[in-house]
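Have a look at the structure below, then the notes.
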There are 2 protein chains.
Amino acid sequence: MSKRAKKNEQEAGDGDHDNGTAPAAKKGKKVKEPEAPILYSDPPDKMNSKDGRAANMKITSWNVDGLRAWVKKKGLDWVRDEAPDVLCLQETKCAEKSLPDEITSMPEFPHKYWAGSDEKEGYSGVAMLCKTEPLKVTYGIGKEEHDKEGRVITAEFPTFFLVTAYVPNSGRGLVRLDYRKTWDVEFKAYLSDLDKRKPLVLCGDLNVAHEEIDLKNSKGNKKNAGFTAEEREGFNQLLAAGFTDSFRELYPEQANAYTFWTYMMNSRSKNVGWRLDYFVLSSALLPGLCDSKIRNQAMGSDHCPITLHMVV
Amino acid sequence: MSKRAKKNEQEAGDGDHDNGTAPAAKKGKKVKEPEAPILYSDPPDKMNSKDGRAANMKITSWNVDGLRAWVKKKGLDWVRDEAPDVLCLQETKCAEKSLPDEITSMPEFPHKYWAGSDEKEGYSGVAMLCKTEPLKVTYGIGKEEHDKEGRVITAEFPTFFLVTAYVPNSGRGLVRLDYRKTWDVEFKAYLSDLDKRKPLVLCGDLNVAHEEIDLKNSKGNKKNAGFTAEEREGFNQLLAAGFTDSFRELYPEQANAYTFWTYMMNSRSKNVGWRLDYFVLSSALLPGLCDSKIRNQAMGSDHCPITLHMVV
DNA sequence: CTTGAAACG
DNA sequence: CGTTGCAAG
């Protein structure tokens with residue numbers, strides 16, 4: 001391989017979450033054979049906690065990248081099969097009045113909560129759909145500055161809080177990294193405050209790959225949104241505040257486990273991806289943790305869904 | 001039919017070229033049966049002039065409403081079957097560098113000319129593709145004010161000028177009617193000047209239905225772009241300057257003959273349309289006129305193509 | 001590459 | 001309703 005080609009393979013483009021592979025080879029140049037995608041084995045869901053109790057709460061989280069398109073691509077069929085107790089969605093990109101009937105009328109989830117962007121229509125937005133009614137539902141993190149983009153919904157259940165979040169992307173050229181750093185600080189403070197009242201589950205697109213193992217091209221992406229030192233440190237600080245990355249807790253060595261692949265350059269078929277979606281748990285909930293799964297077969301978005309089984 | 005229903009059927013919306021039919025009937029109300037579309041018979045092309053000479057020039061004009069989408073919808077397959085000597089396109093909405101290979105490499109037309117909008121990418125734009133090379137090709141009408149939107153190409157052939165035009169739409173709410181009136185005056189002047197040198201054929205989307213016979217809902221569209229008194233008078237003035245609407249010349253009583261149908265409200269399937277595309281001829285070319293056809297079976301745009309046969 | 005909205009028709 | 005460039009990811 002030429003020096004230049006090697007460089008390309010590690011460089012990232014100026015986009016966010018780029019996979020860093022070279023662009024289409026020039027005509028006449030030798031092209032690398034397509035390799036078999038490197039996946040990881042997917043054992044059956046563990047339905048019991050370490051201390052032997054049976055899971056009684058199933059939560060699924062999915063960045064749908066445009067709810068309307070995702071519904072057309074039959075994302076809800078997958079959800080019906082998965083049948084979680086709570087479904088959390090990020091990047092719905094849809095005003096409440098424009099939601100498809102198929103989801104607003106879904107009988108499996110009688111309790112539905114929507115947060116949209118105040119300013120920009122079709123931007124950001126999260127949702128939480130529940131089988132049973134939460135005690136209370138709140139929107140945002142209680143900071144005017146951060147609550148205009150429909151990024152957080154918090155539901156209080158008898159024994160825990162469930163927070164779903166779509167963390168701000170730092171953007172191409174890291175144009176929004178400064179804002180993201182503020183967000184990370186204030187969001188962690190919000191979660192710490194909640195945690196003092198009741199343990200919590202945080203799920204959603206946290207827009208960071210924590211460690212090198214959490215993305216394919218770690219080398220080439222150190223200056224790109226989602227893998228900067230600042231964003232990774234933000235995640236470190238969250239864990240230091242007493243929270244746990246449930247997937248990594250259960251599968252500390254598992255490589256090639258991703259939840260996002262850019263639509264560009266056939267990244268998904270090559271499993272050139274990032275782990276950006278998480279279930280993060282208060283330490284008090286760890287004894288009830290049964291499994292934390294990545295459903296990388298489910299299509300309909302550039303992210304795949306993740307599912308948590310726990311005892312609450 | 002109720003008075004209200006009747007009113008709806010004649011009213012136009014505030015859009016341009018609306019067909020003026022009522023919106024979807026309210027639930028529970030009686031709905032009119034869908035009627036068989038009223039078309040007109042399409043006799044074989046006349047390939048001789050009145051004085052018996054054989055046609056030796058075939059020109060096709062088509063508002064493609066986005067050349068790239070039209071190419072994907074196989075518009076070029078239809079063109080290859082039609083096999084005109086000159087193909088004129090309007091609303092290409094495509095910068096020259098973004099043209100699909102399939103059209104730039106088309107061997108049937110070795111001589112290709114493109115005009116695009118200077119300011120707005122993906123807006124307006126016309127093209128002329130020729131089997132034989134014109135003596136000279138010019139762009140615009142020689143008035144700075146009118147030549148920024150890629151609306152006119154003029155090709156000089158040995159015995160005539162061919163002008164293809166995409167005349168400015170007066171817009172919803174007639175926001176651009178004033179500009180259109182200026183255009184009509186200056187464009188007529190341009191054509192009159194050309195006509196002094198050599199007779200001409202003008203083809204393209206002239207964005208006006210001339211008389212009541214030239215659109216389905218004439219009553220409801222008198223205040224809408226394409227059928228205002230001002231635009232119709234502009235066309236009258238053009239004819240008064242010594243030019244002839246070739247289709248109407250040959251088929252003076254032919255109703256239900258349209259070249260445009262809004263994509264909305266299934267207008268095309270109901271043949272609720274407008275005749276907006278024309279071949280307009282200098283009087284000196286009338287003896288050579290053989291036929292002026294509307295190819296209303298050709299799909300790929302909200303306009304259909306038209307074809308002229310003449311002796312030059 | 002893909003989404004959604006905006007402008008235009 | 002459907003096209004385009006656009007911002008965003």
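Chain letters run A, B, ... following the sequence lines, proteins first and then strands; every chain starts at 1. These figures come from a predicted structure and were not determined experimentally.
With sequence neighbours excluded, the residues that form a salt bridge (charged side-chain N to carboxylate O under 4.0 Å, His left out) with B/K143 are B/E186. Scanning for salt bridge (charged side-chain N to carboxylate O under 4.0 Å, His left out) contacts around B/R68 gives an empty result, with sequence neighbours left out. Residues satisfying the side-chain hydrogen bond (donor to acceptor under 3.5 Å, both in side chains) test with A/E121, not counting sequence neighbours, are none. Taking the ring pair (Phe, Tyr, Trp, His ring centres under 6.0 Å) definition, one finds that A/W261 meets it with nothing, sequence neighbours left out. Take A/D277 and apply the salt bridge (charged side-chain N to carboxylate O under 4.0 Å, His left out) test, not counting sequence neighbours, and it matches no residue.
When the side-chain nitrogen and oxygen atoms of A/Y123 are compared with OP1 and OP2 of C/dT3, none of them lie within a distance under 4.0 Å. The phosphate of C/dA5 (OP1 or OP2) has a side-chain N or O of A/R68 nearer than 4.0 angstrom.
The base of D/dG9 lies close enough to the side chain of A/R172 for a donor and an acceptor atom to sit less than 3.5 Å apart.
Atoms CG (B/D302) and C1' (C/dC8) sit 11 Å apart, rounded to a whole Å. Atom P of nucleotide D/dC6 and atom NZ of B/K120 are separated by 13 Å, given to the nearest angstrom. In this structure, the CE atom of B/M264 is 12 Å from the C1' atom of D/dT3, given to the nearest Å. Across the protein-nucleic acid pair, A/D205 atom CG and D/dA8 atom P stand 17 Å apart, rounded to whole Å. What separates OH of B/Y263 from P of D/dT3 is a distance of 6 Å, to the nearest Å. Taking atom CZ of B/R151 as the reference point, atom C1' of C/dG9 lies 11 Å away to the nearest angstrom. When the P atom of D/dA7 is taken as reference, atom CZ of A/R176 falls 16 Å away, rounded to whole Å. Rounded to whole Å, atom C1' of D/dC6 lies 17 Å from atom CD of B/E119.
Neither side chain, A/D205 nor A/Q90, offers a donor N or O lying under 3.5 Å from an acceptor on the other.
You'll find that the side chain of B/D65 is closest to D/dT3, out of D/dT3, C/dT3, D/dC1.
Note on A/K73: only backbone sugar-phosphate atoms sit closer than 4.0 angstrom, heavy atoms only; bases stay farther off.
Within residues 91-103 of chain B, the residues approached by DNA chain D to less than 4.0 Å at the level of any non-hydrogen atom are B/K93, in residue-number order.
Side-chain contact check for A/K73 versus A/S301: every heavy-atom pair is 4.5 Å or farther apart.
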